[in-house]
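Read through the structure below, which is laid out as structure tokens, and then see the notes.
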Number of protein chains: 2
Amino acid sequence: MSILFSRQCEYAIQAVLFLALKPEGERVPTNALTRRLKIPYHFLGKILQSLTRKGLLRSEKGPKGGFSLALPPEDITLFHIVEAIDGDAFTRSCVLGFPECSGKNPCSVHETWGKQRDQIYQMLVSRNIGEMARDMKRPEYRSKAH
Amino acid sequence: MSILFSRQCEYAIQAVLFLALKPEGERVPTNALTRRLKIPYHFLGKILQSLTRKGLLRSEKGPKGGFSLALPPEDITLFHIVEAIDGDAFTRSCVLGFPECSGKNPCSVHETWGKQRDQIYQMLVSRNIGEMARDMKRPEYRSKAH
DNA sequence: GTATATTCAGACAAAGATATCTGAAAAGAA
DNA sequence: TTCTTTTCAGATATCTTTGTCTGAATATAC
Ligand code: FES
Ligand code: FES
């Protein structure tokens, strides 16, 4: 079980962060991404495809083709990606699974969870993926050689 | 998609909280639970069965049979239930889905998520299900008539 | 003992998420 | 034009989660 985000969404985030490290406009083919990030090729293809449909990425066909960000990295947050793939239901739903989440019929952790949900939301919107990618310490994102 | 906990786990929590409201040792048959909580009958049966195997519940067959808590409600936390159903992987895994989560190769949100993960863990262990059940404002748990 | 209410166990079905395969379409290079 | 590289699109496969069905075992009530 993946926590918080679906597998698709995790892959999407990993891929977009990788794109954010490239000079603006540079196209990266799918297989350069899967080689680095160990994501199944065709699965990633479908994910990038839907991000393109949502307007987050741009795609070019043919040789020298590939995917690139449709916006400057400074204008994209993790929340944009999460929203595009998993939706924003988590901002509204009860963590214990009750039909609806509101102060009217609160569950036992409604107050506590409410605060934490806000913090998670802040984590997703307060930084742009440009700086996040540059801060990234993981080896997949560091060495320049491919 | 359910956030944080699997559907099974959500159902387990809802059911155990219900049992915690009953006088100690009182047996509650599965269908009394499903009627109140709108959980599919046989699915809940399997869930309660595994909680029994894990030692959280006790079951009795025959008329006047049913499920009851194996421990006093004051000794059970949400974490016991989550651990029994979903496991404790969330306490150790990277929220962006990278292979492992450690300070050695941190992802961009490792620090932030680390704090929030601790808070979520605290939410799960700091209160027992006895008090949580009594605080519960949701109608499923209030009216005594069945 | 017989009937009834219930858990227990396992097989099965349906749905959703994840992953793979194949071929068409498009762009560039020769 | 022809060939190659790559995205795009859709069909299919596999796995996991969720949910259903059936019957056996067990304990109580009669
Ligand atoms: S009602 Fe459960 S989190 Fe709001
Ligand atoms: S490495 Fe991502 S949360 Fe720790």
Side-chain angles (χ1 to χ4, degrees), chain A residues 1-15 19 25-35 37-70 82 84-87 89-90 97 146, chain B residues 1-15 19 25-35 37-70 82 84-87 89-90 97 146:
Chain A
M1 188 203 48
S2 58
I3 41 160
L4 218 50
F5 307 129
S6 70
R7 207 102 193 78
Q8 280 199 50
C9 190
E10 293 175 351
Y11 288 159
I13 293 172
Q14 296 179 13
L19 291 178
E26 176 170 329
R27 298 176 198 123
V28 182
T30 311
N31 79 39
L33 289 166
T34 59
R35 205 179 321 126
L37 299 172
K38 306 278 195 311
I39 301 175
Y41 184 89
H42 290 93
F43 194 34
L44 182 59
K46 290 207 142 318
I47 295 169
L48 298 178
Q49 216 172 302
S50 44
L51 289 177
T52 305
R53 275 196 296 268
K54 305 271 182 178
L56 278 172
L57 301 182
R58 204 180 299 281
S59 73
E60 295 290 335
K61 298 180 182 183
K64 295 284 168 194
F67 290 91
S68 57
L69 299 180
V82 172
I85 303 288
D86 282 349
F90 90 92
H146 68 288
Chain B
M1 191 202 47
S2 60
I3 40 161
L4 217 49
F5 306 129
S6 69
R7 207 103 192 78
Q8 281 198 49
C9 189
E10 293 174 351
Y11 288 158
I13 293 172
Q14 296 178 14
L19 291 178
E26 177 170 329
R27 298 175 199 124
V28 182
T30 311
N31 78 39
L33 289 166
T34 59
R35 205 179 321 125
L37 298 173
K38 305 277 193 315
I39 302 174
Y41 184 88
H42 290 94
F43 194 32
L44 182 58
K46 289 203 145 319
I47 296 168
L48 297 179
Q49 217 173 301
S50 42
L51 289 177
T52 305
R53 275 195 295 269
K54 304 269 181 179
L56 277 171
L57 300 183
R58 202 181 298 282
S59 74
E60 295 289 337
K61 298 181 182 182
K64 295 285 169 194
F67 290 93
S68 57
L69 298 180
V82 172
I85 304 287
D86 281 349
F90 89 92
H146 68 290

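No experiment lies behind these values; they were computed from the predicted model shown. Letters A, B, ... are given to chains in the order of the sequence lines, protein chains preceding strands, and every chain is numbered from 1.
Atom C1' of nucleotide dA27(C) and atom CD of Glu60(A) are separated by 9 Å, given to the nearest angstrom. Between Arg27(A) atom CZ and dG28(C) atom C1' there is a gap of 11 Å when expressed in whole angstrom units. Computed from coordinates, the Phe5(B) CZ to dT17(D) P distance equals 16 Å when rounded to whole Å. As rounded to whole Å, 12 Å separates atom P of dT20(D) from atom CD1 of Ile47(B). Lys64(B) places its NZ atom 10 Å from the P atom of dC30(D), with the value rounded to the nearest Å. Between Phe67(B) atom CZ and dT6(C) atom C1' there is a gap of 9 Å when expressed in whole angstrom units. Between the CZ atom of Phe43(A) and the P atom of dG10(D) there is a distance of 18 Å, rounded to whole Å. Note: CD (Glu26(A)) to P (dT6(D)) measures 14 Å, nearest angstrom.
Nearest to the side-chain atoms of Pro63(A) among the listed nucleotides dG19(D), dA5(C), dT5(D) stands dT5(D). In this structure, the nucleotide among dA9(D), dT7(C), dG19(D) sitting nearest to the side chain of Pro40(B) is dG19(D). Distances from the side chain of Tyr41(B) to the nucleotides dA9(C), dG28(C), dT7(C) place dT7(C) closest. For Asn31(B), the side-chain atoms get nearest to dT6(C) when compared with the rest of dT6(C), dT20(D), dT18(C). Listed nucleotides: dT6(C), dT18(D), dA27(C). Nearest to the side chain of Pro29(B): dT6(C). Taking every side-chain heavy atom of His42(B) into account, dC21(D) is the closest of dA9(D), dG10(C), dC21(D). Closest to the Arg7(B) side chain, of the nucleotides dG10(D), dA27(C), dT18(D), is dT18(D).
In this structure, Thr30(B) reaches the dT7(C) phosphate: one of its side-chain N or O atoms is under 4.0 Å from OP1 or OP2. Taking 4.0 angstrom as the limit, Tyr11(B) places none of its side-chain polar atoms (N or O) nearer than this to OP1 or OP2 of dT18(D). Taking 4.0 angstrom as the limit, Arg53(B) places a side-chain polar atom (N or O) nearer than this to OP1 or OP2 of dA9(C). Between Gln8(A) and the phosphate of dA17(C), there is no side-chain N or O to OP1/OP2 separation shorter than 4.0 Å.
For the pair Lys46(A) and Val28(A), nearest-nucleotide mapping onto DNA chain D gives the more 5' position to Val28(A). Positionally, the nearest nucleotide of DNA chain C for Cys9(A) lies more toward the 5' end than for the other of Gly62(A) and Cys9(A).
With contacts defined as side-chain heavy-atom distances shorter than 4.5 Å, the pair Leu69(A)/Leu56(A) does not qualify.
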What pairs of donor and acceptor atoms, side-chain ones from residues 39-51 of chain B against any protein atom, are under 3.5 angstrom apart with sequence neighbours left out?
unit_1   : atom_1 : unit_2   : atom_2 : d
Ser50(B) : OG     : Lys46(B) : O      : 3.3
Ser50(B) : OG     : Ile47(B) : O      : 3.0

